[in-house]
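Taking it in order: structure first as structure tokens, then the write-up.
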Protein chains: 2
Amino acid sequence: MTAPELADWRTYDAPTLPRVLDAALRCFAEQGYHGTSIRDLASEAGLSVPGVYHHHKSKQEILVALVMAVMDELLGRSEAALASAPEDPSAQFDALVESLLRFHMFRRQQAFVASTEIRSLAPESRRQYVDRRDEQQRMLDRVVVAGADAGVFGTPYPLDAARAVATLCVGVASWYREDGPLDPDELVARHLVLARGLVQG
Amino acid sequence: MTAPELADWRTYDAPTLPRVLDAALRCFAEQGYHGTSIRDLASEAGLSVPGVYHHHKSKQEILVALVMAVMDELLGRSEAALASAPEDPSAQFDALVESLLRFHMFRRQQAFVASTEIRSLAPESRRQYVDRRDEQQRMLDRVVVAGADAGVFGTPYPLDAARAVATLCVGVASWYREDGPLDPDELVARHLVLARGLVQG
């Protein structure tokens with residue numbers, strides 16, 4: 001997470017992961033954590049095996065650094081989106097949903113690796129990762145519950161609806177293509193309508 | 001897909017995969033396709049390595065047989081659900097969504113492996129798998145479009161809504177636990193409300 005990104009949560013330039021993490025992202029996305037050797041990683045990064053070990057103690061440490069960097073960016077953008085929106089629940093909801101949608105459109109590979117390789121994290125790191133993911137869910141929960149309490153959202157099940165909204169946004173990563181038929185802004189607009197349908201009840 | 005399952009699309013007994021595919025399911029779910037050797041598979045199945053090769057030519061063939069068996073069951077249940085419901089779009093929608101929800105609650109590991117290991121299928125098998133997955137999506141598309149045409153569903157974006165409904169149902173596999181707080185029937189009831197919200201527009 002770099003300051004310029006936080007300054008504009010809507011803008012996605014090329015991913016800015018350090019060299020080894022960027023190589024790990026591609027390797028894990030293609031053949032999975034257990035199917036990737038440190039030799040594969042070094043080759044993808046254009047480094048020697050000792051070159052990789054110079055920066056990271058182990059493949060496990062690389063996975064942890066990668067998924068935590070992904071989660072830092074996600075949470076940083078979500079916080080910036082909320083901070084940029086007026087205080088009312090509808091505006092907060094729209095900003096947060098838009099940020100989640102854009103992240104899962106423009107960080108597809110990151111989202112795929114983070115969600116599929118939770119299983120490969122050692123227990124302590126897995127707990128830390130899941131805690132941060134829960135933090136993201138709670139941001140959304142708070143906004144939906146505030147809207148339901150204020151009578152702005154009609155859903156009788158605010159927490160189920162908030163989880164479904166997260167699922168909708170995360171799901172975009174599984175089918176969005178930059179050369180697809182929908183312009184990104186149009187895609188965001190349609191999915192905001194869908195997300196609002198989930199909280200209307 | 002066995003006939004008794006088709007006769008009752010709501011009932012899930014223990015999975016009925018053949019021994020080697022059942023072992024492959026557990027191995028691939030835990031360490032991924034590329035992280036699993038034929039030796040791992042044989043050990044998990046309680047067979048010798050030649051015993052595994054007696055039934056399957058390769059690890060790739062086992063993956064193909066597994067994901068196709070999962071897809072056969074999904075499509076078979078979806079068709080049975082549609083056949084069991086009255087002809088009107090609302091009833092067809094509810095039956096199909098309920099079937100998709102139950103499948104992703106009770107076949108979580110199958111759904112995880114099928115969706116994460118598409119990348120590991122050889123091109124021809126991948127095409128076949130994606131075609132069948134598209135068939136499932138088109139079933140849902142047809143029901144939502146019929147409802148929108150009939151004025152029963154108000155969504156201005158029936159195809160985006162139909163995809164979001166599929167995402168909602170598939171997403172259940174990522175968090176549902178049989179010992180969780182929600183009774184399966186209550187979970188289905190709440191998610192039917194959420195799914196209807198997506199097509200209301």
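All chains are named by letter (A, B, ...) in the order of the sequence lines, taking the proteins before the strands, and each is independently numbered beginning at 1. Values below: all heavy atoms of this structure, side chains included; hydrogens, waters and symmetry mates excluded.
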Bottom line for A29(A): the part with an atom under 4.5 Å from chain B's heavy atoms is backbone
So, the part of L187(A) with a heavy atom under 4.5 Å from chain B: the answer is neither
F93(B) meets the ring pair (Phe, Tyr, Trp, His ring centres under 6.0 Å) criterion, sequence neighbours left out, with F153(B)
May I have a list of the donor-acceptor pairs under 3.5 Å that connect chain A with chain B?
from: F28(A); atom 1: O; to: R119(B); atom 2: NH1; distance (Å): 3.0
from: A29(A); atom 1: O; to: R119(B); atom 2: NH1; distance (Å): 2.9
from: R119(A); atom 1: NH1; to: F28(B); atom 2: O; distance (Å): 3.1
from: R119(A); atom 1: NH1; to: A29(B); atom 2: O; distance (Å): 2.9
from: D160(A); atom 1: OD2; to: R190(B); atom 2: NH1; distance (Å): 2.8
from: R190(A); atom 1: NH1; to: D160(B); atom 2: OD2; distance (Å): 2.8

Looking only at L198(A), V193(A), L182(A), most heavy-atom pairs under 4.5 Å shared with chain B are made by L198(A)
